[in-house]
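Let me begin by presenting the structure, written as structure tokens, before commenting on it.
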Amino acid sequence: MTDVVVFDLDGTLVDTPRAIVETFTAAFAAMGLRTPDPEAVRATIGLPLETAFGKLMGTAVDDDRVTEGVRQYQRLFRELILPRAGELLFPGVSAGLAALHAQGFTLAVATSKFYASADALLTAAGLRDLFDVVIGADQVTRPKPDPESGHAVMEKLGVTAGRTVMVGDTTHDLLMAKAAGMRSIAVTYGIHSLEELKSADPTWIADSFDDVLTCIRAAHPGTGEGR
């Protein structure tokens with residue numbers, strides 16, 4: 001039985017990878033630093049901001065430049081991304097989430113974004129009211145792929161791993177789910193390739209958000225209208 005569905009955000013619900021590259025580029029420019037390679041930026045998606053800036057700058061996460069990079073990123077994210085949030089949803093996401101919510105599923109988000117950014121993005125996209133719990137990277141000590149984010153969701157909702165499924169586009173999401181004892185749905189339209197996703201041993205693989213809904217309903221065959 002699956003009653004709780006936990007979603008990643010970037011690359012799973014919202015098509016933000018290109019926008020993330022744009023925001024990182026603008027943040028580096030604001031700091032007077034050389035623009036990072038777009039592919040190097042894409043490779044950091046799914047990691048906490050401090051970790052991403054540390055990798056791109058080649059420095060420790062507690063470096064002052066990393067702190068300033070995160071500050072610039074958050075400012076530019078509000079300016080560049082939030083106004084376009086509704087346009088960035090993947091096809092079928094808005095209607096699909098509404099349908100799951102109406103059918104009685106409890107929805108949550110576990111993301112590598114800071115809570116404030118995730119909350120603002122979901123609100124701007126018109127989705128926030130559908131989610132009972134949102135866990136950001138700054139609300140845990142050990143972000144994905146560590147299972148702490150998944151455990152935090154389950155603790156807040158009072159559910160077990162057997163009643164929970166994780167949906168994500170990176171191995172970070174899938175490995176977190178596996179370590180937390182959850183089943184998982186890998187989506188192929190996000191950041192990581194099919195081969196990368198398969199390496200994390202997902203329970204199901206989905207090529208579209210409609211496929212995600214099919215997998216969720218397969219995990220809970222009793223789901224349907226009037227549940």
| task | Provide the closest heavy-atom pair for Val66 versus Ala60 in the form atom of the first, atom of the second, distance. | result | CG2-O, 3.4 Å
| Members sharing Leu197's hydrophobic cluster (side chains within less than 4.5 Å) | Leu174
| Are side-chain heavy atoms of Ile216 and Leu100 found at a separation under 4.5 Å? | yes
| Contact list for residues 37-83, test ring-ring contact (aromatic ring centres under 6.0 Å, His included), sequence neighbours left out | Phe24-Phe53, Phe24-Tyr73, Phe28-Phe53
| said: Can you give me the closest heavy-atom contact between Ser94 and Leu89, atom names plus distance? | reply: CB-CD1, 4.2 Å
| remark: Ala137 and Ser112 have their tightest heavy-atom pair at CB-O, 3.3 Å
| Heavy-atom distance under 4.5 Å between the side chains of Asp10 and Ile20, does that happen here? | yes
| field | side-chain contact (heavy atoms from CB on, under 4.5 Å) involving Ala120 - partner list, sequence neighbours excluded | value | Leu82
| remark: The reported gap from CG in Leu88 to OG1 in Thr16 (rounded to nearest 0.5 angstrom) is 7.0 Å
| said: Looking at every heavy atom in both Ala125 and Ala85, which two are closest together, and how far apart are they? | reply: N-CB, 3.8 Å
| task | Using a strict 4.0 Å threshold on nitrogen-to-oxygen distance, state whether Glu22 and Arg84 make a salt bridge. | result | yes
| request: Without swapping roles, check the side chain of Thr12 against the backbone of Asp169 for a donor-acceptor pair under 3.5 Å. | output: yes
| task | Indicate the atoms forming the closest heavy-atom contact of Met31 with Gly69, along with that distance. | result | SD-CA, 3.4 Å
| Gap separating the CG atom of Leu97 from the CG atom of Asp129, nearest 0.5 angstrom | 12.5 Å
| Side-chain touch Val6/Val109, heavy atoms, less than 4.5 angstrom | no
| task | With the side chain counted from C-beta on, respond yes when Ile135 and Tyr115 share a heavy-atom pair under 4.5 Å apart, and no when they do not. | result | no
| said: Whether the Thr170 and Asp173 side chains hold a donor-acceptor pair (N or O, under 3.5 Å, no angle test) is what I'd like checked. | reply: yes
| query | Under 4.5 Å between any side-chain heavy atoms of Thr51 and Thr44, yes or no? | reply | no
| remark: Under a side-chain separation threshold of 4.5 Å, the hydrophobic residues clustered together with Ile205 are Leu194
| message | Please check: side-chain N/O of Ser117 versus main-chain N/O of Lys113, any donor-acceptor pairing under 3.5 Å? | response | no
| message | Measuring from atom CZ of Arg71 to atom CG of Leu76, what distance do you get when rounded to the nearest 0.5 angstrom? | response | 9.5 Å
| task | State, without any angle test, whether Glu196 and Ser193 hold a side-chain donor-acceptor pair at a distance under 3.5 Å. | result | yes
| query | Got a donor-acceptor contact below 3.5 angstrom from the Asp211 side chain to the Asp207 backbone? | reply | yes
| request: Would you kindly confirm whether Phe7 and Leu175 end up in one hydrophobic cluster when ILVMFWY residues are joined by side chain heavy atoms under 4.5 Å apart? | output: no
| query | Taking the side chain from Thr25 and the backbone from Thr35, do they hold a donor-acceptor pair closer than 3.5 Å? | reply | no
| side chain to side chain contact (heavy atoms under 4.5 Å, CB included) between Glu79 and Arg75: does it pass, once the steps are laid out? | CA-CA 7 Å; Glu79 295 177 7; Arg75 175 182 67 83; 3.3 Å; yes
| Is a side-chain donor or acceptor of Asp3 paired with a backbone partner of Phe105 at a separation under 3.5 angstrom? | no
| Any donor-acceptor N/O pair, Gln139 side chain to Gly136 backbone, under 3.5 Å | yes
| remark: Smallest heavy-atom separation, Ala180 atom then Pro147 atom, equals N-CB, 3.7 Å
| task | Mind checking the CD-OG1 spacing from Gln72 to Thr67? Nearest 0.5 Å is all I need. | result | 12.0 Å
| Is Leu47 close to Lys55 at the side-chain level, that is, under 4.5 Å between some pair of heavy atoms? | yes
| query | Are side-chain N/O atoms of Thr106 and Asp132 paired as donor and acceptor at under 3.5 Å? | reply | no
| query | Do Glu148 side-chain atoms and Arg142 backbone N/O form a donor-acceptor pair below 3.5 Å? | reply | yes
| said: Surrounding CZ of Arg18 (heavy atoms of other residues, nucleotides or ligands, distance under 6.0 Å), is the total greater than 12? | reply: no
| task | Decide yes or no for Met57 and Asp63: does some side-chain heavy atom of the first lie under 4.5 Å from some side-chain heavy atom of the second? | result | no
| Is there a path of hydrophobic side-chain contacts, each under 4.5 Å between heavy atoms of I, L, V, M, F, W or Y residues, that connects Val61 with Leu56? | no
| task | Output the distance between atom CZ (Arg183) and atom CH2 (Trp204), rounded to the nearest 0.5 Å. | result | 4.5 Å
| Quick one: CD on Glu195 to OG1 on Thr188, what's the gap to the nearest 0.5 Å? | 12.0 Å
| message | Per the ring-ring contact (aromatic ring centres under 6.0 Å, His included) rule, what does the pair list look like for residues 173-194, sequence neighbours excluded? | response | Phe90-Tyr189, His172-His192
| message | Please enumerate all residues that pass side-chain hydrogen bond (donor to acceptor under 3.5 Å, both in side chains) together with Thr141, with sequence neighbours excluded. | response | none
| query | Looking only at atom types and distance, does a side-chain atom of Lys144 sit under 3.5 Å from a main-chain N or O of Thr171, one as donor and one as acceptor? | reply | no
| Given Val134 and Arg128, is the side chain to side chain contact (heavy atoms under 4.5 Å, CB included) satisfied, shown in steps? | CA-CA 9 Å; Val134 175; Arg128 183 62 182 88; 3.6 Å; yes
| field | Side-chain heavy atoms of Val4 within contact of Met154, under 4.5 Å | value | no
| field | Short side-chain to backbone donor-acceptor contact, Arg42 and Ile45, under 3.5 Å | value | no
| said: Strictly below 4.0 Å, N to O, side chains only: are Glu68 and Arg65 in salt-bridge contact? | reply: no
